[in-house]
Amino acid sequence: MTAIRIVPERLLADLDKLRTFGQCGSGVIRPAYSEAELASRRWLAERMTEAGLEVAVDPVGNLFGLPPGDARCLLIGSHSDSQPEGGWLDGAYGVIAGLEVARASLESGGPRIAVVSFQDEEGRFTTLTGSSVWAGQMPLAEAERLTDDGGVTLAEARRQPDGLPAATEMPTERFSAFLEIHIEQGPVLDSAGERIGVVENIVGIRSERLRFTGEQNHAGTTPMHLRRDPVQGLVRYVTGLNSRFENLVTPATVWTVGHVAVHPNASSIVPGHVDFTVQWRDADAARLDRMTEVVRGTALEIAEAMDLGLDLSGYAAIAPTDCAPVLIETLAKAAEELAPGKWRRMPSGALHDAANVSYRMPMAMLFVPSKRGISHSFEEDTDRTDLVLGVEVLAQAAASM
Ligand SMILES: [Zn+2]
């Protein structure tokens with residue numbers, strides 16, 4: 001086994017540079033296909049080229065850096081787009097880590113390693129857009145019709161000139177396995193004083209878009225008993241969901257009504273309809289199924305009881321995913337060697353591109369601590385020593401694969 005010697009200063013300098021694209025305070029605003037995001041990918045492509053990697057872009061916009069030669073090789077990466085208000089490490093860390101390990105391996109005569117930055121992980125169009133299409137979980141034509149909140153389609157966003165090579169197909173068969181390193185985005189490692197998490201599985205996510213339709217009317221003249229008010233229905237729904245989930249969930253299960261849009265959203269109008277989303281996450285597919293029944297059944301009952309119209313649209317399901325046991329053990333061995341007693345095996349409560357990639361090849365993940373567990377926020381941060389250690393563990397594991 002040839003050791004892959006990473007260069008910590010170069011790793012951190014590249015991370016700092018990536019942060020300058022769309023930087024806002026200590027965080028970044030770099031959604032997929034924004035000006036800042038396109039500029040960051042041009043820079044990433046330059047860094048790949050300088051490292052001796054061949055740059056390729058697939059039809060949905062994923063950016064690959066490929067080592068010389070044709071044989072199947074390990075792929076390492078994550079995403080470099082951000083939430084509308086994002087931290088500087090979410091995804092960016094995994095992409096720069098992949099770049100550093102691929103680059104250092106070329107320099108040290110180690111195994112051939114490729115790097116990828118998946119497009120639109122953060123969901124300007126839909127969750128994990130780039131890796132969903134690449135892994136065959138969503139047809140490209142369907143993805144191209146997706147729209148962002150402003151009505152722009154993915155196809156339109158893709159058409160703007162980006163200064164990157166023309167799109168080519170990138171068969172998943174070119175790669176033997178996938179590793180992704182990511183900040184934890186939760187408080188477990190930080191609060192335990194540990195430095196590395198070896199991920200065993202990624203939770204599944206279900207979501208549903210619902211609409212209660214009532215009767216829009218005057219808020220002063222319509223007696224309470226004659227109203228069909230969808231916001232009253234929504235309040236009853238959320239309360240009902242909480243009590244019905246009680247006997248079904250574990251302390252690790254989470255659910256969220258995260259988006260609510262009241263129409264027409266005026267203080268003197270009994271609302272005509274309310275659109276809202278419910279999202280629920282758990283590592284057990286059977287539990288997720290039972291929760292789906294509750295989400296739908298409760299909505300139906302309340303709509304009937306309150307004489308409201310009910311529309312269900314936009315159901316989405318991402319199955320829970322297990323990491324490949326042999327890769328988990330390789331990462332665990334490297335973690336024990338470089339951070340003895342300071343690492344743990346753990347699940348991922350956040351979704352990652354790795355979940356999609358697992359449909360095509362063995363996959364595993366590493367976490368480093370997030371200070372105070374904060375992410376999807378400008379406050380997101382990780383100690384620089386932990387950022388370096390994570391990539392050292394990654395490189396050690398990659399060298400032995
Ligand atoms: Zn991420």
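Ligands are counted one by one from 1 in listed order, and the atoms in each one are counted from 1 as well.
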Undergrad: Run the salt-bridge test on Asp190 and Lys371 with the 4.0 Å N-O cut-off and return the result as yes or no.
TA: no
Undergrad: Mind checking whether Phe64 and Phe118 have parallel, tilted or perpendicular rings, split at 30° and 60°?
TA: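 Answer is perpendicular, since the angle exceeds 60°.
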Undergrad: Does a side-chain N-to-carboxylate-O contact under 4.0 Å join Lys333 and Glu329?
TA: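 Judged by the 4.0 Å cut-off on N to carboxylate O distance, Lys333 and Glu329 do not form a salt bridge.
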Undergrad: Would you call Val270 and Glu215 a side-chain contact if the rule is heavy atoms closer than 4.5 Å?
TA: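 SC-SC contact between Val270 and Glu215 ruled out.
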Undergrad: Salt bridge check: are Arg384 and Asp16 linked by an N-O gap of less than 4.0 Å?
TA: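 Result for this pair is yes, salt bridge flagged.
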Undergrad: Which of the protein's N, O or S atoms come within less than 2.8 Å of the Zn ion (ligand 1), not counting waters?
TA: His79 NE2, Asp90 OD1, His182 NE2
Undergrad: Could you check whether Glu107 pairs with Arg10 (Lys NZ or Arg NE/NH1/NH2 to Asp/Glu carboxylate O, under 4.0 Å)?
TA: yes
